[in-house]
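Order of the sequence lines fixes the chain letters, A, B, ..., with proteins taken first and strands second; residue numbering starts at 1 for each chain.
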Amino acid sequence: MSQPVLQIKDLKTQFFTDDGVVQAVDGVSFDLHPGETLGIVGESGCGKSVTALSILRLVQEPGRIVNGQILFRGDDIVTMSDDEVREIRGKDIAMIFQDPLSSLNPVLTVGFQIEEAIEAHRKVPSKMALSRAVELLKQVRIPAAESRVRDYPHQFSGGMRQRAMIAMGLANAPSILIADEPTTALDVTVQAQILELLRDLNRDLKTAIILITHNMGVVASLCTRVLVMYAGRVVEQGPVERIFKDPQHPYTWSLLQSIPRLDSDRHDRLLSIEGFPPDLIRPPRGCRFNPRCQFRVDRCLHDDPALMNVGPDQDAACWVTMRRALAPNGELRG
Amino acid sequence: MFTRGALLYIGQRLVLIVFTAVAVSSIVFLGVHRLPGDALLNERRPDPAAEAALLHYYHLDLPLPEQYVRYVTGLLHGDLGESYVNRGVQIMPLLLREARVSAEVGAAAIVFTVGIGILLGVIAAVRQNTWVDYLATTTSVIGYSMPNFVIASLLFLLFGIGLYAWTGGALYYNSGWTGTYGTFDQILIPGFALGFPYASIVARLTRASMLEVIRQDYVRTARAKGLTSRVVVIRHALRNALIPVVTILGPLVIGIVTGSVVIENIFGIPGLGKEFATSILNRDYNIVIGLFTFYAIIIALANLLVDLLYTVIDPRIRY
Amino acid sequence: MATAPGITEKYLEETLAHEQTSLWGDAWRRLRRNRLALVSSVFLTLLIVVAIVAQFWTPYSYFTQGLGPIYQGPTAQHWLGLDQSGRDILSRIMLGAQISLKVGIGTQLVVIVVGVVIGLVAGFYRGFVDTIISTVINIFYGIPDLLVALTLVLLLGRSLGIIIFAIAFTQWMNMARLVRGQTLALREREFVEAARSGGAKANRIIFRHILPNALGPMIVQATIGVPMAILFEAFLSFLGLGVPPPTPSWGAMAADGFHAIRISPHIVLAPAIALSLTLMAFNFLGDGLRDALDPRQKR
């Protein structure tokens, strides 16, 4: 296998609030290979977005990266100078966000915001930047790109705004595109179009994609590998077929039980998991999922499981694992 | 730059301004003319015949409705009548000349207010909860707690005594504004005194607005693109933060108009504000009515400008 | 909003009372931590004491002229010096404090009464009445307040009462708008709904529920209104339209000394500093109260 383009090692990002220290990301590690599509899934508040923001050092006060390494082509982003990080942002690693309306500046034209992404990293004549912006808008399939380039975000539809965000992300042909819930705010049909667009871009431009979502269906339609996060930790990871067919962590299993279909209501919530993600200021002792886990055993209450190999290229952090939990003889029950 | 719709809108507003001017002058006219005609002429003539002649001269012997119709007709033709105190002085040209003088000082005050206010507000917001922020925030409370005549007297002392030798008398109180246009020295200090309290208010508002905007998603997007923090603050944050700041430009103009009454008196600037105080004290009622009409028009025009300014900085607003 | 039928008036009032106590308790704790606001309240207390003392005793008579050389700077006998008529400036400053406080507080009393009545009527009855009142409020916001006050004083006379009335005339809408907004918001809240479904009369809803809840913002508004009124009086008297001489007013004292500012700046500086410190203290206190009573919209 090729060298990973991005390696995250034991990343910890914490928020220092008046009420205490929120351990939003607590020891996350993973690799991303060139051209790979990696899905990070979990409920809201499990640390997916903070992980993504940490990669570009975009976490705002009172949040801080307190531990770990983020190696981009071997260089550690955590210890870089502000200027070095700025060079990587938007050029090597681009990011698109959940709500395309609030993520685009309302007082600047869409075209200008794309041109500015280009000019942040290359000195180009403004004519060239403009024609490149038009070209990018065409690439993300915006009709009449030549005239729409002068429109303001409020003149675009929701789907077009997200396309424009993607165009902005692609402006400098980055090697990694981080998409944070790119379809959540959109209608179902538009969701499918955006996913198709991301899939084509990954195939044609070989851009590696990190897709962050709470929606297992979205992962299935785009990703080759999945990382399941819970309470700031990775609880399971592996190839998408394995995770879907044979999940080993009870949390992954519950997520799949509650899988919303892509064509169902867009306000899909993970209703079948009872309870809420834990308080990350005072996380539960032992396995963090234990208060909500229907398969927990005594050990789960005081021993914190690490990721363990549970199948070909598949790891899970669970003392029980679904294989044993669902075994017909029920050796663990009672 | 302006579409047909916008021009139509401006046209409508201008018509509305004419109505406002007529309405305001009517209210003041009727308020003042409740007084009996001879009370309007503050010096009683010993000779009844002379007094009657004078009343006739100013049409004060006519029934009130007729006087009113005459006044409004005159107003619509740009004629505000004659001063009751200085006979023969036409009010319209007098006030126009004075308005130009006031506009010079007022413009200096507005430029100063908006410039310093926004600068301080942005610095305080970007350096939130540091000593720079506390200094700027505290200064701004002190700023709007000082009446403009106090600021003016401190400036007198500063440039008239403290720095007199050093500046060679420059920037010091220059009374006797002779030409139509004031010199740089004559405008700068009054403009500062007039604008300072409002600069504090603009600074507070800009700070609050910036803090709000800096947390917006599009600011994060701008940072994620790899833009420098200066570009992020000025191009992305400030432009949006200014939208609520524009809202207080209307009240700001009212404040400057009001403040100019005091400041023009202190600095001996022959503008509308000085005229207002003088004509009030002299009971030169015709000029008072004219001044209120002028002020109504100035404020209405300022509000129109503010509304147009909105469309310039916020493309979502269209008329 | 539907309320459970079992909720009694008593229960509601207990809940409300609890809400109130914790609100004021928290506010007090937050205010105590604000040093500027604390220093300001100490200063204002001293100022009130001075104003009361001035009623019975001042070092010298405030109107006796020729106590010494005119324009004389501060000396051991006259701590703040003498003015252009040889009057003792300290005595006049003390009495001036009285005028400023009377105007500042008197105006706010008028503003509170007028503002609360109009605001309640607009907010409580809504509809057509509210539309009219809101329009009038907006028109008043567009009027250059000082000029209107000047004209009123000119037409009506120069007594303290008329000055207070004239200033209140330019300020009532701030309070009215606030009370209207609070009323509109609070009348929708659960306990008011419940109280109404329990058959409580409008009076009772207003005095037991709406006003106690609106009290915090009203105190803040009044605290901010005081320095505005004092500033107005200073402007009026600076322009020669304040209380008639020889009653000393800080604005008039500053105006009187202006022509001689280069030779004897103390005549202007004494009232100017007294005025600025007073305004500052009220503004810091008002800011502190606002932060304390509404921590969400800090500054």
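Contact count against chain B (heavy-atom pairs under 4.5 Å) is highest for C:N283 among C:L146, C:L231, C:N283, C:L275. The choice from B:V261, B:V288, B:L291, B:V28 that makes the most heavy-atom pairs within less than 4.5 Å of chain C is B:V261. Each of C:G257, C:S276, C:P271 has some count of heavy-atom pairs under 4.5 Å with chain B, and the biggest count is that of C:S276. Between chain B and the options C:V268, C:L150, C:I230, heavy-atom pairs under 4.5 Å are most frequent for C:L150. When each of B:L154, B:T138, B:V150 is checked for heavy-atom pairs under 4.5 Å with chain C, B:V150 comes out on top.
Using a 4.5 Å cut-off on side-chain heavy atoms (C-beta onward), C:F235 and B:T258 make no contact. When side chains are defined from C-beta on, C:L239 does not count as touching B:F276, because their heavy atoms never get closer than 4.5 Å. A heavy-atom distance below 4.5 Å is not found between the side chains of C:I273 and B:M146.
Contact annotation for B:I280: both backbone and side-chain heavy atoms come within less than 4.5 Å of a heavy atom of chain C. When heavy atoms are compared at a cutoff of 4.5 Å, C:A234 approaches chain B by way of both its backbone and its side chain. Residue contact with chain B, scored on non-hydrogen atoms closer than 4.5 Å, is absent for C:P227.
Here CG of B:N148 is found 8.0 Å from CZ of C:F238. Values are rounded to the nearest 0.5 Å.
In plain terms, the two heavy atoms of C:L279 and B:S145 that are nearest each other are CD1-O, 3.1 Å. Scanning all heavy atoms of the two residues, the minimum distance from C:G251 to B:F149 falls at CA-CZ, 4.2 Å. Across all their heavy atoms, C:G240 and B:L281 have their closest contact at O-CD2, 4.3 Å. Pairing each heavy atom of B:F292 with each of C:L147, the nearest pair is CZ-O, 3.8 Å.
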